[in-house]
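It should be emphasised that the depicted structure is a prediction, and the values quoted were computed from it without experimental measurement. Residue numbering restarts at 1 for every chain, and letters A, B, ... go by the order of the sequence lines.
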Number of protein chains: 2
Amino acid sequence: MLRSKSGPAPHARKPARQSVSLRSLAEHLGLSQAAVSLVINRSPAAKSIPQRTQDLIRQAARELNYRPNQLARSLRQQRSYTIGVVVPEISEGYAALVMSGIEDHLLEEGYFYFVVSHRHRSELIEEYPLLLQQRAVEGLIAVDTAFTEGVQVPLVAVSGHRDVPGVTNIVLNHSQAASLALEHLTALGHRNMAFIKGQEFSSDTAVRWDSVRGAAEVLGIQIKDRLVVQLEGESSSPELGYQVTKKLLASGELFTGLFAFNDISAIGAVQALREAGRRVPQDVSVVGFDDIQSAAFQNPALTTVRQPLREMGVIAAETLLQRITAPPNAPYPKEIIVEPSLVVRASTATAPGSSRVS
Amino acid sequence: MLRSKSGPAPHARKPARQSVSLRSLAEHLGLSQAAVSLVINRSPAAKSIPQRTQDLIRQAARELNYRPNQLARSLRQQRSYTIGVVVPEISEGYAALVMSGIEDHLLEEGYFYFVVSHRHRSELIEEYPLLLQQRAVEGLIAVDTAFTEGVQVPLVAVSGHRDVPGVTNIVLNHSQAASLALEHLTALGHRNMAFIKGQEFSSDTAVRWDSVRGAAEVLGIQIKDRLVVQLEGESSSPELGYQVTKKLLASGELFTGLFAFNDISAIGAVQALREAGRRVPQDVSVVGFDDIQSAAFQNPALTTVRQPLREMGVIAAETLLQRITAPPNAPYPKEIIVEPSLVVRASTATAPGSSRVS
DNA sequence: ACTATCCGCTAAATCGGTTTAGTATGCTCT
DNA sequence: AGAGCATACTAAACCGATTTAGCGGATAGT
């Protein structure tokens with residue numbers, strides 16, 4: 001029954017085997033795998049191998065086009081050089097910009113990343129971090145997504161978490177953002193302002209609203225309940241902003257300034273205002289938030305509070321890699337604050353009937 | 001950097017320090033790794049293991065929160081359940097929409113994917129497929145990117161390749177697309193049309209232009225060289241369309257219809273036209289291409305030829321998975337054609353001075 | 001002459017699973 | 001009693017790398 005080592009069967013060798021392995025390369029050279037590996041990785045342990053042999057090894061590797069299998073390497077080294085990125089929705093301008101920043105830095109440093117989008121489905125939000133960790137990611141970046149538990153690798157959140165242990169938060173200076181917008185509107189003479197709040201599930205909604213109220217108080221602006229609406233629904237189309245702006249208009253309450261939760265809803269708002277016969281910016285000034293790519297190319301071009309999204313992605317990636325390479329119990333930043341800026345374009349103008357009143 | 005309050009609470013109930021391995025689980029149960037593995041994977045070979053033992057194993061796995069390491073599993077099985085997606089640029093509406101479709105299908109089927117973007121840098125276009133294959137991807141999807149060689153896994157291209165062996169192309173029916181646009185403009189009475197061609201590096205540029213010429217011929221439309229401009233530069237902002245439209249205007253040649261290479265450039269074109277005092281659509285009708293998300297929310301809303309981008313992503317993923325699971329030498333589709341549709345919005349209207357002429 | 005080091009490598013363990021072949025035991029059947 | 005078979009598992013090879021310990025011979029130092 002010992003037919004195992006009785007020589008290679010006539011045709012049993014699997015022909016379309018994968019590309020060159022370390023073993024075949026070593027055999028080809030008549031050396032051990034260890035020697036080849038040491039040389040190829042320029043390990044300090046290879047110092048005792050003469051230059052001539054090293055050259056031979058490297059040349060053969062090049063000729064046979066040897067490329068080490070990362071799976072095997074990762075398994076052995078317990079380093080996958082892979083991280084996981086969790087976003088609500090890929091095709092949204094917000095996430096795409098952050099991802100673009102993340103990618104830039106990650107690929108530069110030799111890391112790859114998995115992307116998953118959960119579309120706000122809570123079972124996916126729970127499951128994905130686990131699945132990613134099964135795939136041995138060394139860290140996670142969560143964009144606008146709050147995990148409650150189950151994360152055992154370094155985690156960096158871009159506008160998401162609050163006070164969860166183990167998380168580094170990249171957050172916008174929200175009070176500064178709110179001040180920028182409201183000061184701008186106030187300076188233009190606006191006194192009656194309407195507001196579009198974010199959806200309940202968005203992690204930015206609450207903080208931002210608090211900041212808006214804070215800034216309003218400082219500036220002596222009164223916020224009227226009937227001039228505050230909230231986005232609803234999971235889609236990310238301007239339609240949402242369009243709908244709630246109609247509500248605003250239907251309330252009959254006068255307003256000349258509108259501060260939207262994001263650019264997408266601001267775009268819908270402009271649409272609704274225009275349909276109602278209110279010109280932007282002559283009758284109503286609209287300020288958006290985020291500065292997504294198409295904000296600049298709206299008509300009128302949108303005045304907006306810019307979040308440095310790409311930069312936030314870069315910072316998230318940098319911070320994560322630092323945490324990954326740091327010793328296990330090293331301290332890490334709980335919070336990194338980035339600054340917004342106001343981009344004034346054409347959707348805001350002096351309030352009607354207020355020529356330089358202020 | 002900020003320190004957290006006073007570190008973790010002393011009760012330190014660490015849920016699971018190092019995640020449980022198959023070995024520790026087997027030891028805990030007093031069984032061999034083989035038995036545990038067979039049961040957990042519901043392998044047919046587990047049929048001789050009594051139900052009671054199986055229950056015990058599964059219960060222990062659940063209690064200890066055992067999750068098999070995918071790296072190890074992939075290495076042994078030679079199946080990584082991972083694919084690679086190569087795009088020119090993540091933060092572009094086009095790629096993001098395709099990716100969203102890809103993701104949908106892939107994650108449903110238990111696959112994960114790596115994303116890389118090359119920003120048209122040729123050394124990256126060469127290197128990435130290799131790096132991805134080192135990471136044992138089972139297949140590749142290339143979006144608007146042409147690889148010349150070095151791909152040994154199934155490859156599906158979304159609007160990219162031509163006639164490269166081993167590639168499945170997902171392509172738009174370009175001649176239909178061109179006909180839709182030109183018939184629409186012709187029906188509105190337009191006779192003098194301008195065209196914005198795509199950048200040299202975009203794989204769609206050539207085919208699309210051929211289709212446009214074909215459709216123009218069929219419709220008896222003459223294409224004037226001075227009314228044809230080409231996008232230049234790697235950015236993907238409307239700025240590009242804005243610039244070339246200025247050229248068009250500077251040529252002095254009369255035109256009432258403009259067919260742009262994509263929505264982004266159409267948006268820039270509208271801007272330029274308007275600045276030159278030409279109203280859209282009263283003076284000039286503009287047709288875009290792609291139907292990216294913000295096309296609908298431009299002012300005026302953009303009439304455009306819609307590519308079913310999300311669906312193309314889904315088809316790409318489906319096709320790739322089929323190819324991956326098919327036997328090595330099975331035939332595979334060389335080309336899958338998807339149909340465009342015309343989305344008529346507000347940027348096109350009857351040609352000036354042509355009341356129902358046709 | 002004897003130990004110490006250096007040189008140029010190799011053997012073998014290891015990462016964490018999957019999978020094949022096999023073994024010990026008990027039972028049935030002739 | 002012995003063959004045949006099912007049951008309930010286990011041992012060990014294997015995937016493709018990395019990495020540590022060590023070996024045999026040459027040279028150097030004392």
Side-chain angles (χ1 to χ4, degrees), chain A residues 1-6 9 12-14 17-57 61 64 66-82 133-136 138, chain B residues 16 18-57 61 64 66-82 133-136 138:
Chain A
M1 233 48 118
L2 305 173
R3 57 186 295 256
S4 60
K5 285 266 174 152
S6 57
R13 274 281 172 268
K14 290 180 183 173
R17 208 78 192 119
Q18 69 144 50
S19 45
V20 207
S21 69
L22 180 62
R23 180 152 95 185
S24 61
L25 178 57
E27 266 165 19
H28 171 88
L29 281 158
L31 289 169
S32 70
Q33 299 184 34
V36 179
S37 173
L38 257 24
V39 169
I40 288 195
N41 294 308
R42 300 189 146 70
S43 152
K47 68 174 175 339
S48 72
I49 296 176
Q51 193 56 49
R52 169 152 170 65
T53 308
Q54 299 211 15
D55 291 346
L56 251 33
I57 291 175
L64 297 189
Y66 169 68
R67 301 211 156 227
N69 180 325
Q70 273 286 351
L71 246 46
R73 189 196 286 239
S74 297
L75 180 60
R76 176 60 231 253
Q77 293 189 140
Q78 301 292 76
R79 295 280 276 110
S80 66
Y81 293 93
T82 302
Q133 284 172 96
Q134 269 191 67
R135 286 187 174 246
E138 297 186 46
Chain B
Q18 284 290 12
S19 53
V20 203
S21 70
L22 181 62
R23 182 153 96 183
S24 62
L25 178 57
E27 265 164 19
H28 171 87
L29 279 158
L31 288 169
S32 69
Q33 298 185 33
V36 179
S37 173
L38 293 179
V39 169
I40 287 193
N41 294 308
R42 297 189 150 71
S43 153
K47 69 172 173 343
S48 71
I49 296 177
Q51 194 56 50
R52 173 156 166 63
T53 308
Q54 299 211 14
D55 291 345
L56 250 34
I57 291 175
L64 297 189
Y66 170 67
R67 300 208 158 228
N69 180 324
Q70 274 287 349
L71 246 48
R73 187 192 285 226
S74 298
L75 180 59
R76 176 61 229 250
Q77 292 187 141
Q78 300 292 77
R79 297 281 273 111
S80 66
Y81 293 93
T82 302
Q133 284 172 98
Q134 268 190 69
R135 287 191 173 241
E138 297 185 45

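Atom CD1 of A/Ile49 and atom P of C/dT10 are 8 Å apart (whole Å). Atom CZ of A/Arg23 is separated from atom P of D/dC15 by 6 Å (rounded to the nearest Å). In this entry the distance linking CG of A/Asn69 with P of D/dC14 reads 17 Å, nearest Å. If you measure from atom CG of A/Leu22 to atom C1' of C/dT10, you get 13 Å, rounded to the nearest angstrom. Between B/Gln70 atom CD and C/dC15 atom P the separation is 19 Å, expressed in whole Å. Note: CD1 (B/Ile40) to P (C/dT18) measures 8 Å, nearest angstrom. Taking atom CG of A/Leu71 as the reference point, atom P of D/dC14 lies 19 Å away to the nearest angstrom. Nucleotide C/dA13 holds its P atom 14 Å from the CD atom of A/Gln33, rounded to whole Å.
Taking 4.0 angstrom as the limit, A/Gln78 places none of its side-chain polar atoms (N or O) nearer than this to OP1 or OP2 of D/dT18. Applying the 4.0 Å criterion to OP1 and OP2 of D/dG16, one finds that A/Ser21 has every side-chain N and O outside that range. Contact between the side-chain N/O atoms of A/Gln77 and the OP1/OP2 oxygens of D/dA17 is not found at any separation under 4.0 Å. Put simply, A/Ser48 has no side-chain N or O that comes within less than 4.0 Å of OP1 or OP2 on C/dC7.
The side chain of A/Leu75 has C/dG16 as its nearest neighbour among C/dG16, D/dT18, C/dG17. Of the listed nucleotides (D/dA17, C/dT19, D/dC9), D/dA17 has the atom at the smallest distance from the side chain of A/Ala72. The side chain of A/Asn41 sits closest to D/dT18 out of D/dT18, C/dG17, D/dT19. The side chain of A/Ser32 has C/dT10 as its nearest neighbour among C/dT10, C/dG16, D/dA17. Closest approach to the B/Leu31 side chain among C/dC15, D/dT10, C/dA12 is made by D/dT10 (side chain taken as heavy atoms from C-beta onward).
One cannot find a donor-acceptor pair under 3.5 Å joining the base of D/dT18 and the side-chain atoms of A/Arg73.
A donor-acceptor pair under 3.5 Å is formed between the side chain of B/Asn69 and the backbone N or O of B/Leu71. For B/Ser37 (side chain) and B/Ala34 (main-chain N/O), no donor-acceptor pair under 3.5 Å exists by modelled atom type.
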Run the side-chain contact (heavy atoms from CB on, under 4.5 Å) check on B/Leu31 and B/Leu56 step by step: do they pass? CA-CA 11 Å; B/Leu31 288 169; B/Leu56 250 34; over 6 Å; no
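At a threshold of 4.0 angstrom between heavy atoms, the contacts of B/Thr53 are confined to the sugar-phosphate backbone, with no base atom among them.
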